Colleague: 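Below is the structure I would like to discuss, written out as structure tokens.
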Amino acid sequence: MLFTYYGHSCFSVEIKGKTLLFDPFISHNPLATGIDVQGIPADFILISHGHTDHIADAVAIASRTGAKVIANWEVYEWLGKQGVTNVHPMNTGGKASFDFGQVKCVVAQHSASLPDGSYGGNPMGFVVTSDDGHFYYAGDTALTLDMQLIPSWAKLDFAVMPIGDNFTMDAADAASAAEMVQCKQVVGVHYDTFGFIRISKEQAKEAFKEKRIQLLLPDIGETINIK
Ligand code: NI
Ligand code: MN
């Protein structure tokens with residue numbers, strides 16, 4: 001599966017000829033100035049929760065591409081007020097089928113509000129299953145025992161997890177999360193963007209190495225092929 005990193009927790013995965021874009025936050029990311037927001041393709045936009053650093057560019061990209069947005073009920077209602085109507089509302093525990101495969105919304109231990117301060121509902125993670133492969137995006141979350149359920153729903157090819165600490169798991173907790181979800185390849189996100197979440201990449205890789213799990217840290221703008 002082709003994985004492209006756009007900085008912070010924004011990335012896309014290509015499956016079944018469709019581009020799934022996650023948590024668009026580019027134009028306000030000081031590390032992503034090399035990314036042209038206008039050029040980012042999307043057939044689907046999945047939003048884990050309503051915090052600005054996960055949704056800031058969602059309205060612009062959804063409007064330009066016509067992509068279907070997948071988000072929780074509260075984000076769905078908020079997007080509707082911004083004029084984005086092609087939205088599939090979901091909530092934690094639910095799954096739905098799309099033309100690329102299936103999305104299951106899972107627990108993320110975090111908080112949520114929308115950019116205007118309105119209630120954001122529950123933050124979520126996503127388990128995506130398709131003929132091309134299976135992956136898990138944890139969203140913003142603490143390490144939580146709920147993650148132990150994920151292998152009963154999918155045998156993962158890779159996982160995308162926050163490693164920046166302070167607001168989410170650090171790399172050591174993410175490595176424990178990878179063990180819980182039984183996944184040997186993890187892409188680390190949600191680090192270095194702001195002062196609060198600056199990390200040592202070397203220490204992060206070491207934390208994963210101890211558990212014999214590979215931590216992938218693609219550059220912003222880089223596309224990697226994860227098998
Ligand atoms: Ni957040
Ligand atoms: Mn965040």
Side-chain angles (χ1 to χ4, degrees), residues 3-13 20-33 35 37 40 42 45-62 69-79 82 87 89-92 103 105-128 135-144 146-147 159-174 177-178 186-199 201 204 215-218 220:
F3 176 103
T4 301
Y5 187 46
Y6 293 113
H8 200 53
S9 286
C10 181
F11 60 94
S12 70
V13 180
L20 280 59
L21 179 70
F22 292 77
D23 286 357
F25 173 74
I26 298 116
S27 55
H28 297 291
N29 181 350
L31 302 183
T33 50
I35 303 291
V37 183
I40 294 178
I45 301 171
L46 288 83
I47 297 172
S48 66
H49 65 299
H51 283 157
T52 301
D53 61 319
H54 297 259
I55 204 171
D57 292 305
V59 173
I61 297 174
V69 182
I70 299 168
N72 76 6
W73 182 262
E74 289 77 11
V75 172
Y76 157 78
E77 288 195 312
W78 181 84
L79 286 168
Q82 322 302 314
V87 186
M90 296 185 71
N91 217 328
T92 320
V103 174
C105 299
V106 298
V107 169
Q109 197 61 258
H110 190 62
S111 66
S113 53
L114 286 151
D116 60 7
S118 59
Y119 175 61
N122 289 324
M124 307 193 296
F126 300 111
V127 176
V128 178
F135 65 94
Y136 163 53
Y137 169 43
D140 278 7
T141 184
L143 177 63
T144 167
D146 290 296
M147 290 167 177
V160 182
M161 293 184 176
I163 58 168
D165 208 352
N166 194 77
F167 299 116
T168 67
M169 300 190 282
D170 67 357
D173 281 355
V186 173
V187 183
V189 297
H190 211 274
Y191 68 94
D192 278 359
T193 318
F194 324 106
F196 290 124
I197 57 173
R198 256 175 221 135
I199 65 160
K201 285 188 184 182
L215 176 64
L216 304 167
L217 298 175
I220 295 172

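Order of listing sets the numbers, starting from 1, for every ligand and every atom in it. Side-chain atoms are counted along with the backbone in the values below, which use heavy atoms only and exclude waters and symmetry mates. These numbers come from a predicted model, not from an experiment.
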Colleague: What is the number of protein N, O or S atoms that sit under 2.8 Å away from the Mn ion (ligand 2)?
Modeller: 4
Colleague: For a quick test of your reading: what N or O donor-acceptor pairs under 3.5 Å do the side chains of residues 166-173 make, sequence neighbours left out?
Modeller:
unit_1	atom_1	unit_2	atom_2	d
Asp170	OD1	Ala172	N	3.3
Asp170	OD1	Asp173	N	2.8

Colleague: What protein N/O/S atoms sit under 2.8 Å from the Ni ion (ligand 1), by chain and number?
Modeller: His49 NE2, His51 ND1, His110 NE2, Asp140 OD2
Colleague: Heavy-atom count around Phe25 CZ within 6.0 Å, excluding the residue itself: above 12?
Modeller: yes
Colleague: Side chains of Thr193 and Asn29: is there a donor and an acceptor less than 3.5 Å apart?
Modeller: no
Colleague: Could you walk me through whether Phe3 and Ser12 pass the side chain to side chain contact (heavy atoms under 4.5 Å, CB included) test, one step at a time?
Modeller: CA-CA 6 Å; Phe3 176 103; Ser12 70; over 6 Å; no
Colleague: List in chain and number order the residues that pass side-chain contact (heavy atoms from CB on, under 4.5 Å) with Ala62, two or more places apart in sequence or in another chain; answer none if no residue qualifies.
Modeller: Ile45, Val69, Val84
Colleague: For the residue pair Asp140 and His51, confirm or rule out a side-chain donor-acceptor distance under 3.5 Å.
Modeller: no
Colleague: How about Phe11 and Tyr137: are their ring centroids closer than 6.0 Å?
Modeller: yes
Colleague: Any side-chain to backbone donor/acceptor pair from Thr141 onto His110? Under 3.5 Å, distance only.
Modeller: no
Colleague: Under 30°, 30 to 60°, or over 60°: which ring-plane class applies to Tyr191 and Tyr5, parallel, tilted or perpendicular?
Modeller: parallel
